[in-house]
Amino acid sequence: MTTANAYPASQTIRTIGILGGGQLGMMLAEAALPLGYRCIFLEDAPNCPASLYGEVFTTEQLDDFVAAADVFTLEFENTPAKTVAWLKQLSDEGTKQGMFPPPEALEVAQDRLNEKNLFNELGIKTVPFMSVNSKAELKEASSQLGLPLVLKTSRGGYDGKGQFVVKTEADIEEAWASLGDAVTGKGNLTPTPAPLIAEGFINFSREVSIIATRAQDGTMRTYDLVENHHHNGILAKSHAPAVGTSHLLPAAKSAIETLMTHLDYVGTMALELFVSKDEQGKDTILANEIAPRVHNSGHWSIEGAVTSQFENHIRAVVGLPLGDTDNVYPSVMLNILGEYPDLGELLKIDGAHYHTYHKEERADRKIAHVTLMPNDVAALDQAIDNLVRILPNKMGL
Ligand code: AMP
């Protein structure tokens, strides 16, 4: 099917190798195909969402995967940094045409302490934090940072897992008992021994995220701030754009652009932020974490932005100009967790765009999402209510 004259003569990249084969890989492949690029995936999980969109190689078939792709990217941030570094090296030697984002971005994102230290080095504000290697250090952190504090594994946690809120001194024993193993590498909390991070507990007013894409020539395009609502540590709902946040956009934009430039980043990245009050009572943003990949809080952009976060990521990876990131319409994205809703009922909702991930149902698993973009913006809240009513898992909404 693929013949030499099926592509523009200048197109030397045909196949994008994606590390990971989850729903993010699936949506990257959907965005790549209209531009003339096919994706293949490195993934050990059988019947992964991306398997309907391109060939899947297991890690045992790494060499075949590498041979079949021209350029590489990732959709799973806990990809071994060593693999990413090797693919970057092949690209530097001219055997392959790139590994984006660079391994440095992954190393930062895989370790909360590195990440927060980098934020502060670059002048990006965070909650106060300390590294914790022992119960004594946890006690010290509780007196320096004050209580409550949030104790987190610095590596390997996701969707609120590997976290403990220490409310009173009496919780210290239990917090250490549940997370202390991460420091020694015992148990299965983290892939390698690593200190914990204690963070001051922040009474944030809102959680927002900013997504941006950086091209190979350093050009950057930023999406509007999005407001995120979590349930049990998992993203439930994103409003795009976040209403009433235009005063925060310049600082958020500057933070993500500073990070991307510093990391010589190529591709789409997300920065999660807390909105809280500074000493003068003014709204301020505090950086929580980056995702060195396309992000769940950007799924709305498939329908809601001129160019989606997925398409812009693909454009960056293959060296094409980036597209306009403006919102075409206010939109709200809801995740579907655990159990599928009745599609016949769901699609009666005006402006509902449904995306299944072709996964089997399992409690609290992200199996699909819906972006609501009713033609009448005033009907958005009603559309959310109508959708939540038919969702088996209402995610606290
Ligand atoms: P994270 O894994 O860091 O994204 O944390 C998961 C969720 O826990 C966040 O979305 C917040 O709702 C909450 N959280 C994390 N860190 C803090 C903190 N330092 N203070 C208060 N809430 C937090």
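Quick caveat, the model's predicted, so the values are computed rather than measured. Order of appearance sets the numbers: ligands from 1, and atoms from 1 within every ligand.
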Next on the checklist: Check this for me: does any side-chain nitrogen of one of R112 and E115 sit under 4.0 Å from a carboxylate oxygen of the other?
Outcome noted: no
Checklist entry - Between E115, E289, K152, which one has a non-hydrogen atom sitting closest to atom 3 (O) of ligand 1? => result K152
Checklist outcome for this item: Here the atoms of ligand 1 under 4.0 Å from any heavy atom belonging to N288 are 1 (P), 3 (O), 4 (O)
Next on the checklist: Please list, in number order, the atoms of ligand 1 under 4.0 Å from a heavy atom of V150.
Outcome noted: 17 (C), 18 (C), 19 (N), 20 (N)
Checklist entry - Under 6.0 Å between ring centres, would you say that holds for H313 and F100? => result no
Checklist entry - So with a 6.0 Å cut-off around NZ of K359, is the heavy-atom count from everything else above 12? => result yes
Checklist outcome for this item: A383 and I349 have their tightest heavy-atom pair at CB-CG2, 4.0 Å
Checklist outcome for this item: Out of E207, Q163, H229, the nearest non-hydrogen contact to atom 10 (O) of ligand 1 is supplied by E207
Checklist entry - If you measure from atom 19 (N) of ligand 1 to every heavy atom of E199, H231, R112, E272, which option wins on shortest distance? => result E199
Checklist entry - If you count the non-hydrogen atoms of other residues, nucleotides and ligands that lie under 6.0 Å from CD in E93, is the total more than 12? => result yes
Checklist entry - Against heavy atoms of G200, which atoms of ligand 1 measure under 4.0 Å? => result 18 (C), 19 (N), 20 (N)
Next on the checklist: Only heavy atoms of F274, strictly under 4.0 Å: list the atoms of ligand 1 that pass.
Outcome noted: 11 (C), 14 (N), 15 (C), 16 (N), 17 (C), 23 (C)
Item to check | With sequence neighbours excluded, residues passing ring pair (Phe, Tyr, Trp, His ring centres under 6.0 Å) with H358 | outcome: none
Item to check | Contact with ligand 1 for F204, non-hydrogen, under 4.0 angstrom | outcome: yes
Next on the checklist: If we set the cut-off at 4.0 Å for heavy atoms, which region of I202 has an atom near ligand 1: side chain, backbone, both, or neither?
Outcome noted: both
Next on the checklist: Checking one residue: L249. Which other hydrophobic residues are in its cluster under the side-chain 4.5 Å linking rule?
Outcome noted: V108, L118, F119, L122, I124, V208, I210, M220, L225, L248, I256, L259, M260, L263, Y265, M269, L271, L273, V275, I285, I290
